[in-house]
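Step one of this worksheet: look at the structure below.
Values below: all heavy atoms of this structure, side chains included; hydrogens, waters and symmetry mates excluded.
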Amino acid sequence: KRPESVTVTLYKDGVPTGESLTLNDDNGWSGTFTGLDKYSGAGKEAVYTVQESTVPNGYTETVAGKMDTGYTITNTLTRDASFTVSKVAKNENGDADNASTFTFQLTLNGKPVTDAKVQIGDDAAVTIGTDGTFQLKGGRTATISNLPVLPEGVTYTVTEIFSGSA
């Protein structure tokens with residue numbers, strides 16, 4: 001979710017100046033620092049840079065541009081969250097049932113996650129289905145990856161989908 005605003009801090013020669021700007025929809029997510037000293041101590045030209053004060057959880061910040069033409073700060077959603085899912089099934093004798101295939105659905109806030117990758121053992125990774133489902137044989141473990149890092153308290157849910165036959 002995009003924040004309502006971000007705060008950008010101005011640095012002079014790598015040191016925070018104490019000046020900052022709040023960027024939001026009202027100012028077109030743009031701002032200008034004015035009245036800056038051209039020189040640092042000893043007559044050396046000052047180098048100004050910017051950084052977002054707090055990068056939102058789950059994002060990586062990139063700052064591009066130059067002091068004389070302006071900077072662009074881009075926050076990119078970090079897609080390095082992953083977790084594993086295992087299925088252990090036993091038949092009526094209590095023995096491992098590694099022949100059966102089970103269907104699972106990955107959701108976030110009740111909605112299917114469709115752009116994750118599923119790696120099962122040494123098999124080639126597959127992209128999860130358009131309905132958020134993937135299949136796993138009993139006794140196997142799947143690593144679900146390429147997921148956005150979520151804010152604290154928000155989690156992915158994996159649910160086994162039963163076919164209705166017993």
Side-chain angles (χ1 to χ4, degrees), residues 1-11 14 16 20-31 49-66 70-166:
K1 180 181 175 187
R2 184 178 191 172
E4 291 184 20
S5 66
V6 296
T7 302
V8 176
T9 301
L10 178 68
Y11 290 76
S20 62
L21 292 172
T22 299
L23 308 179
N24 54 37
D25 277 333
D26 293 338
N27 57 26
W29 297 91
S30 181
T49 56
V50 294
Q51 267 188 311
E52 191 169 345
S53 298
T54 304
V55 178
N57 187 35
Y59 287 83
T60 302
E61 174 189 54
T62 305
V63 179
K66 296 182 191 176
Y71 293 100
T72 298
I73 299 173
T74 303
N75 289 338
T76 304
L77 185 62
T78 305
R79 298 189 72 82
D80 62 0
S82 66
F83 60 89
T84 59
V85 176
S86 298
K87 175 63 179 180
V88 176
K90 296 188 177 193
N91 63 22
E92 58 278 353
N93 298 325
D95 298 323
D97 177 3
N98 295 338
S100 297
T101 300
F102 303 89
T103 302
F104 297 88
Q105 183 179 43
L106 176 63
T107 58
L108 175 61
N109 297 327
K111 295 180 183 173
V113 175
T114 60
D115 55 352
K117 289 186 180 166
V118 179
Q119 178 78 43
I120 301 171
D122 294 331
D123 297 343
V126 295
T127 302
I128 208 159
T130 57
D131 57 356
T133 61
F134 63 97
Q135 293 188 329
L136 183 62
K137 283 190 178 244
R140 303 289 310 264
T141 297
T143 300
I144 314 298
S145 63
N146 194 43
L147 295 166
V149 174
L150 299 176
E152 190 172 322
V154 180
T155 59
Y156 292 100
T157 303
V158 176
T159 307
E160 186 172 354
I161 307 295
F162 294 98
S163 64
S165 59

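- Taking CG of Asp97 as the reference point, atom CD of Glu92 lies at 8.5 Å (rounded to 0.5 Å).
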Inset, instruction - Report the C-alpha distance between Asn24 and Glu4 in whole Å, list the side-chain angles of each, state the deciding distance to 0.1 Å, and finish with yes or no for side-chain contact (heavy atoms from CB on, under 4.5 Å). - result: CA-CA 6 Å; Asn24 54 37; Glu4 291 184 20; over 6 Å; no

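- Taking the side chain as every heavy atom from C-beta outward, Thr103 and Gln135 approach each other to under 4.5 Å.
- The CG atom of Asn146 lies 12.5 Å from the CD atom of Gln119; values are rounded to the nearest 0.5 Å.
- The minimum heavy-atom distance linking Gly31 with Leu23 is given by the pair N-CD2, 3.6 Å.
- Atom CG of Asn93 is surrounded by more than 12 heavy atoms from other residues, nucleotides or ligands within 6.0 Å.
- Taking 4.5 Å as the limit, some side-chain heavy atom of Phe134 sits within range of a side-chain heavy atom of Ile144.
- Atoms CD and CD1, on Gln105 and Ile128 in that order, are 8.5 Å from each other to the nearest 0.5 Å.
- Using a 4.5 Å cut-off on side-chain heavy atoms (C-beta onward), Leu10 and Leu21 make no contact.
- A pairwise comparison of heavy atoms in Thr7 and Thr22 identifies OG1-OG1, 4.0 Å as the closest pair.
- When every heavy atom of Leu150 is checked against every heavy atom of Leu108, the shortest pair comes out as CD1-CD1, 3.7 Å.
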Inset, instruction - Determine, stepwise, if the pair Lys137 / Asp123 fulfils salt bridge (charged side-chain N to carboxylate O under 4.0 Å, His left out). - result: CA-CA 12 Å; Lys137 283 190 178 244; Asp123 297 343; over 6 Å; no

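- To the nearest 0.5 angstrom, Glu61 atom CD is 9.0 Å from Thr74 atom OG1.
- Side-chain contact check for Ser53 and Thr9: at least one donor-acceptor pair (N or O, by modelled atom type) lies under 3.5 Å.
- A pairwise comparison of heavy atoms in Ala81 and Pro148 identifies CB-O, 3.8 Å as the closest pair.
- Across Thr141, Val158, Val118, a single residue satisfies side chain to side chain contact (heavy atoms under 4.5 Å, CB included) together with Val85, and that is Val158.
- When every heavy atom of Val6 is checked against every heavy atom of Pro3, the shortest pair comes out as CG1-CG, 3.9 Å.
- The line from CZ of Phe102 to CD1 of Ile161 is 13.5 Å long, rounded to the nearest 0.5 Å.
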Inset, instruction - Please lay out, stage by stage, how Leu147 and Leu106 fare under the test side-chain contact (heavy atoms from CB on, under 4.5 Å). - result: CA-CA 11 Å; Leu147 295 166; Leu106 176 63; 4.1 Å; yes

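- Note that the OH atom of Tyr59 and the OG1 atom of Thr76 stand 9.5 Å from one another [nearest 0.5 Å].
- Taking all atoms of both residues into account, the shortest heavy-atom contact from Ile73 to Gln51 is CD1-C, 4.2 Å.
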